[in-house]
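These values consider heavy atoms only, across backbone and side chains, with no hydrogens, waters or symmetry-generated copies.
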Amino acid sequence: MPYRLLLINPWIYDFSAYDLWSKPLGLLYLASFLRDQGFEISFIDCLDKYAGEQKVKIRKYGTGHLPRSIVEKPEILKHIPRHYARYGISEALFIEKLKQNANVHAVLITSIMTYWYPGVKRVVELVRKFLPDKPIILGGIYASLLPDHAREVIKPDFLVTGPGELKTLRLLADLFSLPFDAFNLPATLDDYPYPAFDLINHPDYLIVMTSRGCPYDCSFCAQKRIAMRFTQRQPERVVEEFVRQYRRFRLRDFAFYDDALFIAKQKHIEVILQRLLEKRLPLRLHTPNGLFVKYVDRQLAELMFAANFKTIRLSFETANAERWKDMYSKVSDESMIEAVQHLTQAGFRPKDLEAYVIMGLPGQTLEEIVASIIFVNNLGLQVRLASFSPIPGTREFERAVEMGLITRDIDPLLTNKAIFPLRNEKITYETFRKIRKLSQILNEAAKNELPLFGDETLGMAVKKVVREMQ
């Protein structure tokens, strides 16, 4: 009889949460890998949009709201003037599903944002209560970034950090006294099975990773601490995955999860897109992660348009040239302008393109944030405003500590991007709310192809907006 494993994707506890091509991809990869190793897999998705009693609105391309239940805010978040909620299925339904899995041999739980640990904690508490004799293994991003915090607060029986497939298999082999054949394991990324999307209840879209890791080391990103070194898959194998997954699930929407999709583009993404075009599948492609604009030339832009990219988010971050040094020259004003020109000449409308602008970095001024927003708006693009969250192990986290903005042992709840963690006397919580409102107004104007500051110099426009915010 095979050993049975229960895999759990926990709830999100936060002020807001949406399904924007958000699936526990690492856990789904782990599920298919362990299946191939002979384990029997069960799955509880606490973020299942379709399992609960609440009817949720599904938006374009399968994204949408998650079921939401207002809960009491943790004491240290009482000062935030917003409702705090548990996103996902009810506790009653979760308990029912736990009871249905009483015969499993171990429980594996993933974790994502560090400030979402309350959802992980509650899952572990209920597993302890209703499956008291089952060993609990915790992995994922939070577990990898804050292992000591996870051991102290979550108290799993075992904790796995970093890429989890091989570490988890070795742990299970030790736990159940199973043979571990190191010579019969995947040698490359393409040797791993596809993610187990069959475990997802009513999938609306699929996710593809053509690589793992990232060659860059941006000051605000923790990718180096949680992923393997940058490795790309063979383009032909990626295309094969598209074809097989499309034929199996009959879903048109695929989201790329790569952090560096355009690296070595002529041998990688361009080949992938050319092969996909030859297959003539009716796909819609999405890139929720920021794309490196300096790699977007005419040929790549034309391939993207022909391949039916519907969601394009460009990694701009800031108009501050000094900060570009920490971003390894992925972007500049000139490269951003050129990328937009190539994309629009290929057929994309500016208003259908988005660009990430980050706000709330250590030492970042209001003028820098507004200048970045207006720059993107003057290109006719949608501003995708990203609130900064100080992630342990990154240079920006260290800067925030050195500047006295946070303590090194800060509770992860206080790093939640929704509360603007580095707000201060000059840029308050209300200031950030006004910045977000500004971006919404400008986005609406861009949709109507009426950039509001097109006739003003950037400097004059920034001064005007900043005066109104102060």
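For Asn308, the side-chain contact (heavy atoms from CB on, under 4.5 Å) partners are Arg252, Arg284, Lys310, not counting sequence neighbours. Scanning for salt bridge (Lys or Arg N to Asp or Glu O under 4.0 Å) contacts around Glu444 gives an empty result, with sequence neighbours left out. For Glu398, the salt bridge (Lys or Arg N to Asp or Glu O under 4.0 Å) partners two or more places apart in sequence, or in a different chain, are Arg408.
No side-chain donor-acceptor contact under 3.5 Å links Ser211 to the backbone of Gln232. One N or O on the side chain of Arg233 and one on the backbone of Met209 form a donor-acceptor pair closer than 3.5 Å. Although no hydrogens or angles enter the test, the distance criterion places no donor-acceptor pair under 3.5 Å between the side chain of Tyr257 and the main chain of Arg212. In this structure, Glu396 contributes its side chain and Ser219 its backbone to no donor-acceptor pair below 3.5 Å. Side chain of Ser32 to backbone of Tyr194: a donor-acceptor contact under 3.5 angstrom is found. Between the Ser111 side chain and the Gly139 main chain, a donor and an acceptor come within less than 3.5 Å of each other. Although no hydrogens or angles enter the test, the distance criterion places a donor-acceptor pair under 3.5 Å between the side chain of Lys224 and the main chain of Cys214. A donor-acceptor pair under 3.5 Å is formed between the side chain of Arg395 and the backbone N or O of Asp217.
Summarising the geometry of Lys351 relative to Ala446, their closest heavy-atom pair is CB-O, 3.4 Å, with the distance given to 0.1 Å. The two atoms that bring Thr287 and Leu291 nearest to each other are OG1-CD1, 3.5 Å, heavy atoms only.
At a cut-off of 3.5 Å, with distance as the only test, a side-chain donor of Asp204 or Tyr50 sits close to an acceptor on the other residue. At a cut-off of 3.5 Å, with distance as the only test, a side-chain donor of Asn416 or Asp14 sits close to an acceptor on the other residue. When only modelled atom types and interatomic distance are considered, Ser387 and Arg436 share a side-chain donor-acceptor pair under 3.5 Å.
The aromatic rings of Phe316 and Phe375 sit parallel, their planes meeting at an angle under 30°, below the 60° perpendicular limit. Ring-plane geometry between Phe420 and Phe432 is classed as parallel, the angle between the planes falling under 30 degrees on a 0 to 90 degree scale with a further cut at 60. Note: Tyr205 and Trp21 have perpendicular aromatic rings, judged against thresholds of 30 and 60 degrees for the angle between ring planes. In this structure, Trp11 and Tyr13 have perpendicular ring planes: the angle between them is above 60°, well past the 30° mark.
Residues Tyr29 and Tyr192 keep their aromatic ring centres 6.0 Å or farther apart. In this structure, Phe256 has its ring center closer than 6.0 angstrom to the ring center of Phe242. His65 has its ring centre less than 6.0 Å from the ring centre of Tyr18.
A salt bridge between Glu72 and Lys78 is present, with a side-chain N of the basic residue lying under 4.0 Å from a carboxylate O of the acidic one. Here Arg399 does not pair with Glu402 in a salt bridge; the nearest charged N to carboxylate O distance is not below 4.0 Å. Between Lys434 and Glu430, no side-chain nitrogen of the basic residue sits less than 4.0 Å from a carboxylate oxygen of the acidic one, so the salt-bridge criterion is not met. Using a 4.0 Å cut-off between a side-chain N of Lys or Arg and a carboxylate O of Asp or Glu, Glu241 and Arg237 do not qualify as a salt bridge.
The distance from the CD1 atom of Ile154 to the OH atom of Tyr142 is 4.0 Å, given to the nearest 0.5 Å.
The shortest side-chain heavy-atom distance between Pro156 and Ile109 does not fall under the 4.5 Å cut-off. Contact of the Asp297 side chain with the Lys265 side chain is registered, since non-hydrogen atoms from C-beta on lie closer than 4.5 Å.
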Next item on the list: Check the pair Asp259 / Tyr216 against side-chain contact (heavy atoms from CB on, under 4.5 Å), numbers first and verdict last.
Entry: CA-CA 9 Å; Asp259 288 296; Tyr216 292 98; over 6 Å; no

Margin query: Using the rule given for side-chain contact (heavy atoms from CB on, under 4.5 Å), can you reason through Thr114 versus Thr415, listing the C-alpha separation, both sets of side-chain angles and the distance that settles it, and then say yes or no?
Written below: CA-CA 8 Å; Thr114 58; Thr415 69; 3.9 Å; yes

Next item on the list: Could you go through the side-chain contact (heavy atoms from CB on, under 4.5 Å) check for Val376 and Leu314 one step at a time?
Entry: CA-CA 10 Å; Val376 170; Leu314 304 175; over 6 Å; no

Item checked: Worked verdict on Ile8 versus Cys46 for side-chain contact (heavy atoms from CB on, under 4.5 Å) -> CA-CA 7 Å; Ile8 302 178; Cys46 291; 4.3 Å; yes

